[in-house]
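As a basis for the values below, the full set of heavy atoms in this structure was taken, side chains included, without hydrogen atoms, waters or symmetry mates. Order of listing sets the numbers, starting from 1, for every ligand and every atom in it. Here the structure is a predicted model, which means the values were calculated and not measured.
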Amino acid sequence: MPLPKRVVLVGPMGAGKSTIGRMLAKELGYRFLDSDRIIEDRCGANIPWIFDVEGEEGFRQRETAMLDELSLEERTVLATGGGAVMKPENHSLLKKDAVVIYLKTSLEQQVERTRKDRNRPLLQNDDPVGVLTRLFKIRDPLYKKLADIVMHTDRKSPRLVVRQLVNKINPRTPRQRRQMRKEGRSHV
Ligand code: S3P
């Protein structure tokens, strides 16, 4: 089975999309892209600032434009923001030439991983757990609908998640993989 042109990671805040995406890209010999970080670089401002000045809708417009642009980038692993699935017009951009992976994470893990974060404006309020709970109810069905692979990440190291993902994306035998690596034909 040939490798997909693109791998796209979706899932909630705190799912580990950036960490796992970076490691997965290295493993596949692909380029790692993080849509939030590229939006910040282009704006010269961080996400809280964009939410502050342009509102969530301003950020979402930038996000859609970014997903459109990045949908043309082949041999890439793309980490998306947790809300990228909210606009229906983003769905075809996420799916384009891609294997979409949903990094599914329990609410407890999301809370734990985002607890001290100041860079996520949607969680800067009195009830971040309530927000994560509400967002999960709305978004989980959308992540599932878009995903070709659903990968549970709780109680797994990023390394293990990446190994399991590589096996799902490109299920060769370990012997085949060793041989290909030796021949420099593939990074997996
Ligand atoms: C958001 C998630 C964030 C970022 C923005 C909005 C969301 O990305 O795009 O703060 O709506 O869930 P991460 O999922 O990488 O935290």
Side-chain angles (χ1 to χ4, degrees), residues 6-25 31-71 73 76-91 93-95 98 100-147 149-154 158 161-162 165:
R6 305 166 59 227
V7 176
V8 173
L9 301 181
V10 299
M13 294 179 263
K17 288 166 296 194
S18 302
T19 306
I20 288 166
R22 192 170 289 109
M23 290 170 67
L24 180 63
R31 206 149 43 95
F32 174 65
L33 303 171
D34 184 321
S35 77
D36 282 347
R37 296 297 81 77
I38 303 174
I39 291 170
E40 291 186 323
D41 287 350
R42 294 270 178 91
C43 274
N46 64 17
I47 290 186
W49 188 92
I50 300 171
F51 268 69
D52 237 26
V53 175
E54 301 180 352
E56 180 171 351
E57 185 47 33
F59 172 75
R60 296 295 170 208
Q61 282 175 19
R62 288 182 184 274
E63 187 174 48
T64 297
M66 189 50 64
L67 294 175
D68 190 14
E69 183 181 327
L70 298 180
S71 71
E73 298 287 337
T76 52
V77 175
L78 172 65
T80 61
V85 295
M86 292 304 289
K87 276 194 189 279
E89 64 261 43
N90 291 354
H91 292 187
L93 302 175
L94 292 166
K95 293 288 287 179
V100 177
I101 297 168
Y102 171 18
L103 294 182
K104 193 167 164 89
T105 309
S106 69
L107 211 53
E108 291 73 30
Q109 277 284 306
Q110 293 175 43
V111 171
E112 176 58 30
R113 294 212 188 113
T114 56
R115 211 159 33 98
K116 295 192 188 119
D117 201 295
R118 292 281 160 270
N119 204 36
R120 290 179 166 112
L122 294 177
L123 302 181
Q124 306 312 308
N125 52 61
D126 294 343
D127 186 19
V129 177
V131 172
L132 285 169
T133 309
R134 278 195 296 283
L135 292 180
F136 182 79
K137 281 206 187 105
I138 297 167
R139 294 175 178 180
D140 177 63
L142 298 171
Y143 297 136
K144 279 192 192 138
K145 185 181 124 190
L146 288 171
I149 296 171
V150 177
M151 176 61 68
H152 293 257
T153 65
D154 278 5
V161 173
V162 168
L165 285 175

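- At least one N/O-N/O distance between R120 and ligand 1 falls below 3.5 Å.
- Against a heavy-atom cut-off of under 4.0 Å, P121 is close to the following atoms of ligand 1: 10 (O).
- Here D154 does not pair with K104 in a salt bridge; the nearest charged N to carboxylate O distance is not below 4.0 Å.
- Atom CD of E56 is separated from atom CZ of R60 by 4.5 Å, given to the nearest 0.5 angstrom.
- Using a 4.0 angstrom heavy-atom cutoff, R139 counts as in contact with ligand 1.
- Counting the atoms of ligand 1 from 1 in the order shown, those under 4.0 Å from a heavy atom of G81 are 8 (O), 9 (O), 14 (O).
- When only interatomic distances are considered, the shortest N/O to N/O separation between N119 and ligand 1 does not fall below 3.5 Å.
- Remark: the backbone N or O of P48 is not paired with any side-chain donor or acceptor of Q124 at under 3.5 angstrom.
- Between the side chain of K17 and the main chain of L103, no donor-acceptor pair closer than 3.5 Å is present.
- Of the possible polar contacts, none joining the E69 side chain to the A65 backbone as a donor-acceptor pair under 3.5 Å is found.
- Between D36 and ligand 1, a contact under 3.5 Å exists for at least one N or O pair.
- A distance of 7.0 Å separates CZ of F136 from CD of Q110, quoted to the nearest 0.5 Å.
- No part of M86 comes within 4.0 Å of ligand 1, judged by heavy-atom distances.
- Distances from ligand 1 to the non-hydrogen atoms of R60 include at least one value under 4.0 Å.
- With a 6.0 Å radius and a threshold of 12 heavy atoms from other residues, nucleotides or ligands, K145 has its NZ atom at or below the threshold.
- Close contacts of ligand 1 with K17, meaning ligand atoms under 4.0 Å from a residue heavy atom, involve 13 (P), 14 (O), 15 (O).
- With hydrogens and angles left out, the side-chain atoms of T153 and T105 include a donor and acceptor closer than 3.5 Å.
- Proximity of L122 to ligand 1, defined as any heavy-atom pair under 4.0 Å, is confined to the side chain (atoms from C-beta onward).
- Below 4.0 Å from some heavy atom of F59 lie the following atoms of ligand 1, by number and element: 9 (O).
- Using a 4.0 Å cut-off between heavy atoms, E40 makes no contact with ligand 1 at all.
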